[in-house]
Structure formats: structure tokens, C-alpha cells
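Because only heavy atoms are used, hydrogens play no part in the values below, and waters and symmetry mates are left out as well, while side chains stay in.
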Amino acid sequence: MKIAFAPLNVPLRRRLQTAAVLQWIFSFLVLAQVCLAAFVLLALSDWWILALLYAGWLWLDWDTPVSGGRRSRWVRSWTVWDYFRDYFPITLVKTVDLDPKKNYIFGFHPHGVLVAGGFGNFCTEATGFSRLFPGLTPHLLMLPFWFRVPVFRDYIMFGGLVSSSKSSLSYVVNRPEGGNVAVIAVGGAPEALDARPGALTLQVQNRKGFIKLALKHGAQLVPVFSFGENELFDQMENPTGSSIRVLQNRLQSIMGVSLPLFHARGVFQYSFGLMPYRKPIHTIVGKPIPVVQTPSPSSEDVESLHQLYLQSLTQLFEQHKHTYGLREDQHLTFM
């Protein structure tokens with residue numbers, strides 16, 4: 001394979017963008033393991049008392065990820081996230097104003113491999129969420145597993161990440177005075193296994209838990225489509241029924257996280273590696289779907305709102321697809 005090396009005269013600005021995304025990739029793929037190993041080594045060292053103190057504090061703080069988390073405006077405003085945004089670049093697009101006196105559930109689509117658009121838009125201020133939606137506080141939901149890792153849990157909470165458990169979602173959208181946004185990558189880990197350039201298949205047909213909670217708490221539903229999310233990485237062929245896909249599904253059922261075999265470009269060359277391609281991401285926040293609070297929603301209530309949500313998501317996609325380079329014959333497929 002012929003390797004296409006990056007030129008030596010790359011502007012400093014682009015080098016800083018690459019470094020910003022590289023640290024994000026490291027944080028996403030390796031930092032949790034590093035934090036866990038460091039905690040174990042600390043516990044076995046002469047400084048074990050520090051590990052013991054942290055363990056005690058961890059026990060006291062155990063419920064924070066399901067109680068709104070512990071965000072840091074300072075961390076969310078780091079300059080590194082501006083370089084991260086500009087690497088792709090990432091753009092957040094508002095279609096309507098949202099009332100800060102209400103709570104919302106944003107259904108984020110598609111999941112992509114690493115939810116880059118979800119992170120850039122809702123875990124940092126790089127794309128101006130607070131400016132576009134004043135009075136609203138976003139919380140991106142993440143698998144509960146990651147909030148059990150020492151130190152790593154604290155770092156991801158600083159960005160506004162919270163547990164994706166039902167109790168966590170309920171806590172966020174049950175705020176009486178409103179102003180909270182729960183952002184859910186609806187397709188989850190299974191959808192990541194199909195994330196590749198050109199993919200428009202969404203795992204949403206049987207995803208109705210967030211619909212039921214929206215009804216229970218009266219949270220407004222907002223479809224969000226992130227154009228370009230699936231264009232960032234290639235992925236090994238893993239069709240349904242293949243040995244690779246069977247293994248991936250098995251691991252996902254055991255661990256709760258999927259393991260897509262993705263690849264794109266490198267740091268100093270463009271032929272292979274784990275760095276995403278420089279492809280623009282445009283995240284469109286649609287119109288809210290009014291939801292009447294129903295403390296005990298019936299299956300018919302859930303099904304009716306779910307169908308309305310799918311219609312709104314389809315309408316959002318069809319309305320904006322031409323603007324972001326998609327053809328007339330390209331449509332969403334729901335699974």
C-alpha cells in the first residue's frame with residue numbers, strides 16, 4: 001500500500017487541530033484504562049492512603065452521574081475544543097428558539113463511531129450552545145459503565161456527561177423550573193457497528209424508552225440530525241451474519257459497549273490510522289414536538305408519539321439534506 005505522507009509545511013493552526021483531536025481520541029479509547037491502572041498502582045504503592053481517600057470519596061460521590069453530574073464551565077471552554085471543532089469543522093445549527101422554561105430530550109442521530117458531533121456540540125462550548133440556546137443546560141448521556149472508572153468519571157462529568165440510566169434521564173428532565181436538555185444518541189452501541197461513509201440506517205424503530213420517559217415527565221422531544229457524522233471513519237466489512245459481526249454483537253451484549261473495527265488516517269500520513277477524516281459535521285437541531293405529561297403512558301401513547309418523532313426526524317433530514325451535499329434519492333432507513 002502506497003503511503004501518502006503529510007507535507008512538512010503544514011500550518012501551525014492545522015497541527016494544533018490535529019493535536020486536539022489526537023488527545024480526544026486518546027481520551028475516548030485509552031484514558032479510562034490508564035486511569036484505572038494508575039489507581040491500582042497507587043493503591044499498591046507507598047501512597048496507598050491517597051487511593052483509600054479517593055475510594056472513600058468515590059463511595060460518597062457514587063450517585064452524582066445519575067443526579068445531573070458535575071459540569072465545569074471552565075473545562076467546557078478550554079481552547080483545545082476550538083481546535084477540535086475546526087479540525088472537521090463542526091457546526092451547530094438552530095432551526096427554532098427553545099423555551100428555557102421547559103425541559104427537552106434531544107434525540108441525536110446518527111451515533112457514528114465515536115459521536116464526535118455529539119461531544120463537540122454538547123460537551124464543549126466550542127460551537128456556541130449556550131449562545132444559541134440561552135438558559136438551557138445540555139447533558140450528553142453515556143453508558144453507566146464509564147462512570148465506574150476512577151478519575152476518568154470525574155473528567156467526563158466536567159464536560160456535562162451523565163449516565164444513560166433511566167434514573168439519570170429522569171433526574172435531568174424532571175427539573176420543575178425547566179432549562180435542562182438530555183441528549184441521547186438513540187442508536188447506541190449497535191448503530192456504531194454500521195457507521196461508515198454513506199450510511200443512513202438508524203437503529204430507532206424499537207427504541208422507545210426515551211419516548212416513554214418524555215411522556216412521563218412532559219419533556220419536549222427534539223430530533224437532531226448530524227450530517228457528516230458517519231463520514232469520519234471507514235470500518236471493516238461486517239455484514240449481518242458474518243463471523244466478525246457475530247463476535248461484535250456477542251461482546252456488545254456482554255460488555256454493553258460495541259467494538260467497531262474502524263480506521264481512517266494517521267497523524268503524519270493520510271493512508272491509515274485511527275484519526276478521523278477531516279469531514280465537516282453539521283448538527284441540525286429541529287423543532288420541538290409538544291409532549292403532554294402523562295404519568296402512566298399506555299403502549300398506544302408511546303407508539304403514537306414514537307411515530308410522530310420518526311416523522312419529525314424524517315422531515316428534518318429531508319428538509320436539510322440538499323444543503324449538506326446529499327442526493328435527492330438518499331433517504332433515512334429505520335431499523
- Run the numbers on Phe26 and Val34 for side chain to side chain contact (heavy atoms under 4.5 Å, CB included), then give the verdict. CA-CA 10 Å; Phe26 170 81; Val34 170; 4.1 Å; yes
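- Around CZ of Arg15, the count of heavy atoms belonging to other residues, nucleotides or ligands within 6.0 Å exceeds 12.
- For Thr294 (side chain) and Val292 (main-chain N/O), a donor-acceptor pair under 3.5 Å exists by modelled atom type.
- For Trp48, the CH2 atom sits in a loose shell: 12 or fewer heavy atoms of surrounding residues, nucleotides or ligands are nearer than 6.0 Å.
- Shown here is Phe262, whose CZ atom has more than 12 heavy atoms of other residues, nucleotides or ligands within 6.0 Å.
- Once rounded to the nearest 0.5 Å, the distance linking CD1 of Ile284 with CG of Leu92 reads 8.0 Å.
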- Please test Glu303 against Gln307 for side chain to side chain donor-acceptor pair (under 3.5 Å), starting from the C-alpha separation and ending with a verdict. CA-CA 6 Å; Glu303 184 63 31; Gln307 289 303 313; 3.0 Å; yes
- Task: Please step through side chain to side chain contact (heavy atoms under 4.5 Å, CB included) for the pair Leu200 and Gln330, ending with a clear verdict.
- Result: CA-CA 8 Å; Leu200 291 173; Gln330 290 181 284; 3.9 Å; yes
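- For the residue pair Gln17 and Arg85, no side-chain donor N or O sits within less than 3.5 Å of a side-chain acceptor on the partner.
- To the nearest 0.5 Å, the span separating CE on Met275 from OG1 on Thr18 amounts to 5.0 Å.
- For the pair Tyr324 (side chain) and Ser226 (backbone), a donor-acceptor distance under 3.5 Å is absent.
- Residues satisfying the ring-ring contact (aromatic ring centres under 6.0 Å, His included) criterion with Tyr104, sequence neighbours excluded, are absent altogether.
- Counting non-hydrogen atoms of neighbouring residues, nucleotides and ligands closer than 6.0 angstrom, the NZ atom of Lys94 exceeds 12 such neighbours.
- Closest approach of Val113 and Pro260 over heavy atoms only: CG1-CG, 4.1 Å.
- For the atom pair Met335 CE and Thr333 OG1, the distance stands at 9.0 Å (nearest 0.5 Å).
- Residues Gln220 and Ile289 form no side-chain contact, since every pair of their non-hydrogen atoms from C-beta on lies 4.5 Å or further apart.
- Not counting sequence neighbours, the partners of Val149 by the side chain to side chain contact (heavy atoms under 4.5 Å, CB included) test are Ala32, Cys35, Leu36, Phe152.
- No donor-acceptor pair closer than 3.5 Å links the side chain of Asn180 to the backbone N or O of Arg175.
- A side-chain hydrogen bond (donor to acceptor under 3.5 Å, both in side chains) with Glu318 holds for exactly one of Lys321, Gln315, His322; it is Lys321.
- The two residues Pro138 and Leu136 have their closest heavy-atom pair at CD-O, 3.8 Å.
- Residue pairs meeting the side-chain hydrogen bond (donor to acceptor under 3.5 Å, both in side chains) criterion with at least one partner in residues 186-198, sequence neighbours excluded, are Asp194-Arg245, Arg196-Asn238.
- For His109, the ring-ring contact (aromatic ring centres under 6.0 Å, His included) partners two or more places apart in sequence, or in a different chain, are Tyr309.
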- Passes ring-ring contact (aromatic ring centres under 6.0 Å, His included), Phe227 versus Phe225? Steps please. CA-CA 6 Å; Phe227 290 92; Phe225 195 87; 4.7 Å; yes
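- Within a 6.0 Å sphere centred on CZ of Phe317, heavy atoms belonging to other residues, nucleotides or ligands number more than 12.
- For residues 110-127, the pairs satisfying side-chain hydrogen bond (donor to acceptor under 3.5 Å, both in side chains) are Arg76-Glu125, Asn121-Thr127, Asn121-Thr283, Glu125-Ser130, with sequence neighbours left out.
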- Query: Under the salt bridge (charged side-chain N to carboxylate O under 4.0 Å, His left out) criterion, do Asp99 and Lys101 qualify, and how do the steps go?
  - Reply: CA-CA 5 Å; Asp99 186 354; Lys101 295 181 180 179; 6.0 Å; no
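- Ser304 contributes no side-chain N or O that, together with a main-chain N or O of Glu300, makes up a donor-acceptor pair within less than 3.5 Å.
- Going from atom CG of Asn174 over to atom CG of Leu169 covers 10.0 Å, rounded to the nearest 0.5 Å.
- Aromatic pair Trp81/Phe119: centroids less than 6.0 angstrom apart.
- In this structure, the side chains of Tyr54 and Leu42 stay at 4.5 Å or more apart for every pair of heavy atoms.
- Taken to the nearest 0.5 Å, the CE atom of Met157 stands 5.5 Å off from the OG1 atom of Thr64.
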- Message: Between Trp78 and Phe84, does the ring-ring contact (aromatic ring centres under 6.0 Å, His included) criterion hold? Intermediate values first, please.
- Response: CA-CA 10 Å; Trp78 280 351; Phe84 173 84; over 10 Å; no
- Item | Residue pair Asp61, Arg153: steps toward the salt bridge (charged side-chain N to carboxylate O under 4.0 Å, His left out) verdict | CA-CA 11 Å; Asp61 193 59; Arg153 68 189 292 276; 2.9 Å; yes
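- Within the structure, no pair that satisfies the ring-ring contact (aromatic ring centres under 6.0 Å, His included) test touches residues 178-199, not counting sequence neighbours.
- In this structure, a donor-acceptor pair under 3.5 Å is absent between the side chains of Gln248 and Gln252.
- The backbone N or O of Val186 lies less than 3.5 Å from no partner atom in the side chain of Gln203, so there is not a single donor-acceptor pair.
- Side-chain atoms of Asn230 never come within 3.5 Å of backbone atoms of Gly198 as a donor-acceptor pair (strictly under, hydrogens ignored).
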- Task: Check the pair Leu221, Ile211 against side chain to side chain contact (heavy atoms under 4.5 Å, CB included), reporting the backbone distance first and the verdict last.
- Result: CA-CA 8 Å; Leu221 278 172; Ile211 301 290; 3.6 Å; yes
- Which is it for Leu213 and His217 under the side chain to side chain contact (heavy atoms under 4.5 Å, CB included) test, yes or no, and what are the steps along the way? CA-CA 6 Å; Leu213 287 174; His217 299 291; 4.2 Å; yes
- Quick one: do Tyr277 and Asp234 satisfy side chain to side chain donor-acceptor pair (under 3.5 Å)? Show the steps, please. CA-CA 9 Å; Tyr277 296 122; Asp234 290 310; 2.5 Å; yes
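- Gln235 contributes a side-chain N or O that, together with a main-chain N or O of Ala192, makes up a donor-acceptor pair within less than 3.5 Å.
- Annotation: the span from Asn249 atom CG to Ile244 atom CD1 amounts to 12.0 Å, rounded to 0.5 Å.
- Ser168 contributes a side-chain N or O that, together with a main-chain N or O of Ser163, makes up a donor-acceptor pair within less than 3.5 Å.
- Counting only distance, with no hydrogens or angles, the side chain of Ser164 and the backbone of Met142 share a donor-acceptor pair below 3.5 Å.
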